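All remarks here apply to the structure that follows.
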Amino acid sequence: MAIGGIFGRARSRTSDADVGNRPLQIIARDDVPRRLELLDDFEESGLGWFWATDVEGRLVYLSDKAAEQLGKPIQDIIGEPLGSLFSLNPLDEDDAPERPLSFLLSTRAAISDLTVRIANRGRATWWLVSGRPQLDASGAFKGYRGSAKDVTAVYEQQRDASRLSQYDSLTGLANRHRMGKRLGTILTSSQPQKRGCALMMLDLDRFKQVNDTLGHPAGDELLKQVALRLKRVVGPQAEIGRLGGDEFQVILPAFDDREKLGDLASRVIQMISQPYSIDGSRAIIGTSVGIAVAPWHGTESADLVRNADLALYSAKGAGRGQYRFYAPDMKNKAAEHRAVEEDLRDALARGELQLYYQPVVRSSDSVLTGFEALMRWNHPERGSVSPAVFIPVAEETNLISQLGEWALRQACQDAAAWPGRLRIAVNVSANQFSGEGLPAIVASALANSGLDSDRLELEITESVFMGHAEAVDRMFASLKQLGVRLALDDFGTGYSSLGYLRRAPFDKIKIDKSFVRGCTDPTNSNSAIISAVIGLAEALNMETTAEGVEANDELEIMRKTGATYIQGYIFSKPIPNDLVTERLGDGSFQFETAGERKHRAERRTVFRRIVVIHGSQRYDVMMRNISKTGALIEGLSEVPVGTKLVLDLGAGELAPATVRRSDGDSQGVQFDAPLASEGGEVRTGRTRKSRLVLAET
Ligand code: C2E
Ligand code: MG
Ligand code: MG
C-alpha cells in the first residue's frame, strides 16, 4: 500500500503561512514519541490501518478504527486468524477476488494490494490489504506485518463499470460480450466430458410494430417484461442474454436432449406470445427460436452462434412463432431468404404479384357468397412463393403498406366485375391498420372500382389491438363509417380475447383452420370450443366462417355446430381471377348444372383423412379419390414411384399398395389386390348432391 502519498494530506504540525518565518521542526528518527503520535494520527484518520500476525497467522495487532469497521470489540478480534476477518464465501462469483488470501498466507508470501471482502453481515465492504512476512535473525518466519484500507467506494465503482460492460443496462441480462465469453468458457470446459451445450437464439416477431405504434419507451418496457418471462421459463440453469434490439440468446450448458429442448422452445414461444400490458395498452408479440447443439452443430463458439442464427432464420422463414433446430442445408436457405427480401422490393413493379380467390360458401345450403383474396408471388426463378413466407417479410421491411394497398385496389376492381352481389374479403395487416391512411385508401379503392362498400370485407387479426386503444377504436369507427364489413381473422390462434369481440364492431369471426383440423378427433376439445365460439358470435350478432375445411367429416361438424360459412379445400383451393370469372360465367360453380367435367370430378372427389404406413412409420394423409384399384393421396412429399405402402382405410381395412405416380405432395397409388368393396364411405361421395351453388343474385 502506498503510504508515502498519504503523509502530504495528513494534518501537518506546521502551517503554510508560517513557512519561512519559524524554524523548521523536524521529527527526528529517534524521536519515538513524536513518530508514534504521527502513526496514531494516521490510524485515527481512517486513511489506513495496520495489522500484525504471529507465526501461526493469529492477529496480534489491528488498528482500533479497523476493528470499528468490523463492528466487533478489538479484544474479540485479537487472537483470531487474519483470514477469518474476510468473507470466504462471497455472495456471487462476480464479487470474488481473484487470488485467495488464505493461500497467500499459507505460503508466507508477501501480499500486495489484495482486494478482499469483509465478513460482516451488513453492507459489503472491501479492503485493500498488503503485508510482508517478518523473519528473525536466523531467517525463520515470525508472522506478518501489514496495512489495510477501505476501498469499498472505488471497488464498487470499478465493479459497476465492469458490469456495465458485461450486462445490458435495460434488462439486466448479460450482453453480447459476456454471452460470447461464457459460451467460449462452457464449450472448452464441456469438451472433455463430452456433454452437449445448447444455444437458443430468439428474435421477437412484431416488436417493431410495438415500437412504432406505442413508442420507444413502451418498446423498452416490453423488452424488460420479455426478459423476466424468459428468466422464468428457462430457469436458473441457463444463461440469458440480450444481444441488442429484440434479439435474445440463451445458453443451456449440459443440455442436449432434443425433445426437452423442443419442449422448452415451445414453452418460450408460448410465454412470450401471451399479451403484455404496458402503461394501460395491450401489446402482443411473438418470437421465433433457432437452436444449435454442441458438439453436433459446432464445437467452436462462432460456429454454434452462426448455426443457431441460421436455424432462427429458418424458423422465421417458416412463418413466425416457431422453433427450428439447425440442419446443414439451412445455409442455402438463409441466403435464399435474404434474396427473397431483396426481390420483394421489386415484385410489385415487375408485376409478379397476383391475387387468387378462394370461394366462401354458405353452410346451410352451399350457396357461394363470395371470395377471399389471397396474395400470390410468382417469382421468376423461385416459382410460387407462399404468402406465409413473404407477408411477414413485407411487414418487417415496411413493404406491406404498398402490397396491401395494391391488393385492396386490385381485389375491389376484380370483384366489381363479378356478377351479382358476391362479396370480396381482403386481408389487412396490423401494420396497415395502424397507419392513418387506411380509411382513405379503402374509400378510394371503392370509388375507383365502383364496388358497393358492403361487398367489401376487411379481414384483420387480433394483433391490431396492440395499438393505443383510442387510435384502434377510431380506426374501427372510420372503417365502419365507410360501410365496409369487418371480419376477425384467425380466431383461436394464440391470444384470443373475448374482450375484443365486445369492443370492436365485427361482422364476422373466422375460426382458424388449426381448430377445424382437430375437430373430428373426439379426444380433443376443438369441436366444443368451436360450438362455444359460434354461440358467442350469435349472441353478439356476428357471423362465423370455418376456415380450412378439407374433409367431409369436418364439414359435417361445422354444419352441425352452426358455422354460417365454410371456406376450405373441400370446395376449392384459391384460384386465379380468370378462372373465377370463367366458372362464374359458365355456371360451373353450380354443381348440378353442366360444368367442365374436370372441375366436377375434382369436387366430387371424396376427402378423407387416412393413415399411410411405410415401414414402421405412420403418416396422416388426405385421400382425395379412391376406386377398387387405386387411390389418390396427398400429404407426403416426393415419394419415389415404386414405393410400397399400406393404406389404413379405417375399420380394420388395410390395403397394400404401390406408388405409380408421384407429383410433389400428391401420389397416385395402385392397390396390390383390388378392393372387395369400393372403400366404405366412398360411395356416398358418388351419390352426393351438389354442395356449391352460385348465390342467387
Ligand atoms: P388467412 O387469411 O387465414 O388465409 C387462409 C389461408 O388458409 C390461405 O393460405 C388459404 O389458402 C389457406 N386455406 C384455405 N383453405 C384451406 C384448407 O382447406 N386447408 C389448408 N391447409 N389451408 C387452407 P395462404 O393463401 O397461403 O395465405 C396465408 C396467409 O397469408 C393468410 O392467412 C393471410 O394471413 C396472409 N395473406 C394472404 N394474402 C394476404 C394479403 O393480401 N394481405 C395480407 N396482409 N395478408 C395476406
Ligand atoms: Mg384471411
Ligand atoms: Mg385465417
Side-chain angles (χ1 to χ4, degrees), residues 91-95 159-160 162-183 186 197-253 255 260-291 308 312 315-316 320-323 462-463 465-469 494-497 499:
L91 289 177
D92 66 299
E93 83 183 83
D94 287 343
D95 285 353
R159 193 188 51 190
D160 290 350
S162 108
R163 281 226 168 121
L164 267 185
S165 71
Q166 291 204 62
Y167 290 89
D168 166 37
S169 57
L170 181 68
T171 59
L173 297 177
N175 64 15
R176 185 187 291 273
H177 174 69
R178 185 184 161 88
M179 290 302 276
K181 256 179 40 185
R182 289 284 297 147
L183 185 62
I186 291 166
C197 167
L199 183 69
M200 278 189 187
M201 300 287 274
L202 280 80
D203 188 291
L204 303 185
D205 302 330
R206 294 187 299 272
F207 174 71
K208 191 181 171 314
Q209 209 181 319
V210 176
N211 253 343
D212 291 352
T213 55
L214 296 179
H216 288 271
D220 285 354
E221 174 57 30
L222 181 73
L223 291 172
K224 283 195 223 169
Q225 294 190 25
V226 168
L228 284 177
R229 290 187 190 186
L230 260 181
K231 278 193 207 162
R232 223 176 323 147
V233 187
V234 300
Q237 85 272 29
E239 180 100 26
I240 311 171
R242 176 174 165 242
L243 306 187
D246 60 351
E247 267 188 321
F248 293 82
Q249 192 182 59
V250 180
I251 304 173
L252 296 145
F255 203 126
K260 285 190 187 142
L261 279 168
D263 284 349
L264 183 63
S266 302
R267 264 183 291 135
V268 164
I269 292 168
Q270 201 192 352
M271 278 293 273
I272 290 185
S273 311
Q274 301 297 314
Y276 296 78
S277 161
I278 296 166
D279 278 342
S281 294
R282 226 167 126 89
I284 294 157
I285 55 163
T287 187
S288 308
V289 180
I291 311 169
L312 172 63
K316 291 176 75 168
R320 311 296 129 122
Q322 308 210 22
Y323 70 85
E462 283 155 294
S463 54
F465 289 100
M466 72 155 80
H468 281 298
Y495 31 78
S496 307
S497 157

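Quick caveat: nothing in here was measured; it's all calculated off a predicted structure. All values below were derived from every heavy atom in this structure, side-chain atoms included, with hydrogens, water molecules and symmetry-related copies excluded.
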How long is the gap from [atom1] on [X] to [atom2] on [Y], to the nearest 0.5 Å?
{"X": "Ser165", "Y": "Asn175", "atom1": "OG", "atom2": "CG", "result": "7.0 Å"}
{"X": "Leu264", "Y": "Tyr323", "atom1": "CG", "atom2": "OH", "result": "10.0 Å"}
{"X": "Leu199", "Y": "Leu261", "atom1": "CG", "atom2": "CG", "result": "10.5 Å"}
{"X": "Ser266", "Y": "Gln322", "atom1": "OG", "atom2": "CD", "result": "10.0 Å"}
{"X": "Ile251", "Y": "Met179", "atom1": "CD1", "atom2": "CE", "result": "4.0 Å"}
{"X": "Thr287", "Y": "Lys316", "atom1": "OG1", "atom2": "NZ", "result": "9.0 Å"}

For the residue pair [X] and [Y], establish whether any side-chain heavy-atom pair is separated by less than 4.5 Å.
{"X": "Ile186", "Y": "Glu239", "result": "no"}
{"X": "Val233", "Y": "Gln270", "result": "no"}
{"X": "Ile285", "Y": "Val226", "result": "yes"}
{"X": "Leu173", "Y": "Phe248", "result": "yes"}
{"X": "Leu204", "Y": "Leu223", "result": "yes"}
{"X": "Leu202", "Y": "Ile272", "result": "yes"}

| field | With Asp246 via side-chain hydrogen bond (donor to acceptor under 3.5 Å, both in side chains) - residues at least two apart | value | none
| task | Could I get the full list of side-chain hydrogen bond (donor to acceptor under 3.5 Å, both in side chains) partners for Asp160, not counting sequence neighbours? | result | none
| Which residues pass the side-chain contact (heavy atoms from CB on, under 4.5 Å) test with Leu228, sequence neighbours left out? | none
| message | Once side-chain contact (heavy atoms from CB on, under 4.5 Å) is applied, do any residues pair with Ala315, and if so which ones, sequence neighbours excluded? | response | Ser288, Arg324
If every non-hydrogen atom of [X] is compared with every non-hydrogen atom of [Y], which pair is closest and at what distance?
{"X": "Met200", "Y": "Ala265", "answer": "CE-N, 3.9 Å"}
{"X": "Asn211", "Y": "Gly219", "answer": "OD1-CA, 3.5 Å"}
{"X": "Pro253", "Y": "Cys197", "answer": "CA-SG, 4.1 Å"}
{"X": "Ala227", "Y": "Thr171", "answer": "CB-CB, 3.7 Å"}
{"X": "Ala308", "Y": "Met201", "answer": "CB-CG, 3.3 Å"}
{"X": "Ile284", "Y": "Arg206", "answer": "O-NE, 3.8 Å"}

| Residues two or more places apart in sequence or in another chain: which of them pass salt bridge (Lys or Arg N to Asp or Glu O under 4.0 Å) with Asp212? | Lys208
| task | Please list all pairs passing the salt bridge (Lys or Arg N to Asp or Glu O under 4.0 Å) test where one or both residues lie in residues 217-229, with sequence neighbours left out. | result | none
| said: Strictly distance-based, threshold 3.5 Å: is any side-chain N or O of Arg232 a donor or acceptor partner for the main-chain N or O of Gly235? | reply: no
